[in-house]
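Let me begin by presenting the structure, written as structure tokens, before commenting on it.
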Amino acid sequence: MATVADYIDENMPRFREELLEFLRIPSVSARSEHRMDMSRAAEWLADRMREAGLDVSVEETDGLQIILGEYRGAGDDAPTVLLYGHYDVQPAEPLDEWTSPPFEPEVRDGKLFGRGSVDDKGQLYLHVKAIEAHMKVNGSLPVNVIVLAEGEEEVGSEHLMPFVKANRDRLACDYVVISDTTMVGEDVPTIGTSLRGLAYLEVHVRGPRTDLHSGSYGGAVVNPATALARIIASMHDDNWHATIDGFYDDVEAMDEYREKLKAVPFDDAGFRKDTGTTEVGEKGYTTPERLWIRPTVEVNGLLSGYTGEGAKTVLPAKAMAKISFRLVPAQNPDRIAELVEAHIRKVAPEGVEVEVQRLHGGNAWRATLGSELYTAAERALAAAWDREVVYAGEGGSIPIVPEFERVLGAPVLLMGFGLPGENAHAPDEWMSVENFEKGTRASARLWTELAR
Ligand code: BES
Ligand code: MN
Ligand code: MN
């Protein structure tokens with residue numbers, strides 16, 4: 001009789017084709033014009049989860065749909081695993097920077113290119129396929145499984161938070177498993193040990209009633225673009241240390257962890273190749289420290305004045321910036337937003353009006369290692385890659401993770417299959433075909449390991 005591993009190998013070409021189909025649905029959560037696509041993606045995934053053998057419901061919220069797939073057949077003695085992922089993707093712009101169109105995925109050079117390929121559709125879908133493999137081969141799963149897929153991760157998981165609280169009994173579980181992070185390098189299976197938090201703001205600066213002739217009025221009124229540039233520039237000192245009062249108050253020292261981090265080899269050449277630039281950051285910290293245990297101030301977008309072809313002499317009436325702050329334990333996103341607002345009010349020059357809007361936020365997270373969840377994952381990953389697992393921090397954020405631990409009381413495992421240079425959130429996002437395959441095998445193996 002065929003094994004689960006055989007089933008996965010035999011059906012892999014079909015799994016890949018299905019993933020391409022999933023990627024063709026432009027499920028961009030940030031854009032209201034993609035509302036229909038969001039429902040289409042939710043329904044598409046719900047159907048595939050049903051075919052895999054799960055009991056599936058599509059749950060309505062005040063925002064986008066949440067998909068729940070359940071398997072309770074392993075019985076009360078077996079552990080229950082909650083598997084979380086997201087079917088929404090980031091906006092694909094700038095479109096003309098893509099080699100192939102973002103929603104017409106294609107495989108080149110062992111890489112599956114398309115928006116959402118690695119973040120997070122590919123990483124979510126491989127778990128569905130591992131479940132299918134167990135169900136088709138054995139008619140059962142070794143553990144109870146709850147698959148929870150949301151459509152708002154990329155916009156802050158606003159409606160998932162209350163959903164988890166309201167459904168804590170139905171979502172009760174022993175472990176949470178998430179594949180939505182990256183491995184430290186090719187062929188190095190990685191378990192993520194931390195995530196940063198996030199506070200996201202939009203800053204609007206308004207000056208004159210309308211755009212003005214920069215000759216007739218320039219020099220006599222404050223230019224909103226200049227005012228905004230000054231506000232932004234005031235947030236760092238020359239050592240790239242944030243200058244916002246109180247910003248570091250709640251940051252934990254982490255001296256012990258810093259010692260350990262020194263032993264982690266860092267691939268400088270790889271970093272330069274992936275980013276196309278050199279490492280520069282907060283003075284006194286190494287690159288892994290800057291990425292994993294230090295908070296940041298980041299401008300995500302700037303808008304003001306004339307940016308078309310040629311020169312236009314104009315004094316813009318307004319300017320806008322989207323600014324986010326990556327946070328570490330135990331910084332609180334709301335408190336950070338307050339501190340930043342106070343800073344902006346303090347430094348804003350006279351002659352312009354400044355409005356600060358809060359977008360989303362989330363807490364940082366650090367793994368509590370040592371549970372059997374991690375040893376099972378080590379075995380499953382090592383088997384798929386034929387190589388020992390590495391533990392590493394992550395610079396990104398998944399806002400629901402600390403909430404899972406707080407509300408459900410279950411430890412979270414970050415078992416990600418992304419790679420450095422994968423272009424997540426950027427043009428030419430890709431997922432390694434090999435990782436999709438090995439990830440599927442590791443997932444299938446994890447269910448078996450957890451039941452031991
Ligand atoms: N998958 C990422 C999170 C991530 C990225 C973890 C890199 C580890 C390494 C996730 O989809 C994401 O992009 N999250 C957002 C959070 C947000 C919009 C609230 C992020 O980190 O910007
Ligand atoms: Mn993601
Ligand atoms: Mn993302």
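These figures come from a predicted structure and were not determined experimentally. Atoms within a ligand are numbered from 1 in the order they appear, just like the ligands themselves.
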* Asked: Would you say the ring centroid of Y84 lies under 6.0 angstrom from that of F404?
  -> yes
* For ligand 1, the portion of R326 having any non-hydrogen atom under 4.0 Å away -> side chain
* Looking only at N/O atoms, are E394 and ligand 1 under 3.5 Å apart anywhere? -> no
* Judged by atom type as modelled, is there a donor-acceptor pair below 3.5 Å linking the side chain of N300 to the main-chain atoms of E298? -> yes
* Of all the heavy atoms in Q90, does at least one lie under 4.0 Å from an atom in ligand 1? -> no
* Tell me which protein heavy atom sits closest to atom 5 (C) of ligand 1, plus the residue, atom name and distance to 0.1 Å. => G396 CA, 3.9 Å
* To do: Please check if atom CD in E186 has more than 12 non-hydrogen atoms from other residues, nucleotides or ligands closer than 6.0 Å.
  => no
* At a 4.0 Å threshold, what atoms of ligand 1 neighbour a non-hydrogen atom of H86? -> 11 (O)
* Asked: Does any N/O atom on D119 come nearer than 3.5 Å to any N/O atom on ligand 1?
  -> yes
* Does an N or O from S397, backbone or side chain, lie closer than 3.5 Å to an N or O of ligand 1? -> yes
* Under 2.8 Å from the Mn ion (ligand 3), which protein atoms of type N, O or S occur, listed by chain and number? -> D119 OD2, E154 OE1, E154 OE2, H425 NE2
* Specify whether F103 and H34 have parallel, tilted or perpendicular ring planes, treating 30° as the upper limit for parallel and 60° as the lower limit for perpendicular. => tilted
* **Heavy atom of the protein closest to atom 11 (O) of ligand 1 (residue, atom name, distance)** => E153 OE1, 2.7 Å
* Which of the atoms in ligand 1, numbered in the order shown and given with their element, are less than 4.0 Å from a heavy-atom of L198? -> 17 (C), 19 (C)
* To do: Inspect the contact between E70 and R170 and indicate whether a charged nitrogen and a carboxylate oxygen are less than 4.0 angstrom apart.
  => yes
* Structure fact -> Tightest non-hydrogen contact, residues T440 and M12, listed as OG1-CE, 3.9 Å
* Polar atom proximity, D180 to ligand 1 (N or O, under 3.5 Å) -> yes
* Who passes side chain to side chain donor-acceptor pair (under 3.5 Å) against E152, sequence neighbours left out? -> H159
* **E132 with R14: basic N within carboxylate O range, under 4.0 Å** => yes
* Any salt bridge between K111 and E422, counting N to O under 4.0 Å? -> no
* Asked: Of all residues at least two apart in sequence or in a different chain, which pass the ring pair (Phe, Tyr, Trp, His ring centres under 6.0 Å) check with H241?
  -> Y248
* Asked: Tell me, which pairs form a side chain to side chain donor-acceptor pair (under 3.5 Å) where one or both residues lie in residues 40-53, sequence neighbours left out?
  -> E21-W44, D37-R40, D47-R50, R48-E51
* To do: Consider ligand 1: state whether an atom of it lies below 4.0 angstrom from any non-hydrogen atom of P399.
  => yes
* Less than 3.5 Å between some nitrogen or oxygen of E154 and one of ligand 1, yes or no? -> yes
* To do: Measure from the ring center of Y285 to the ring center of W292 and say whether it is less than 6.0 Å.
  => no
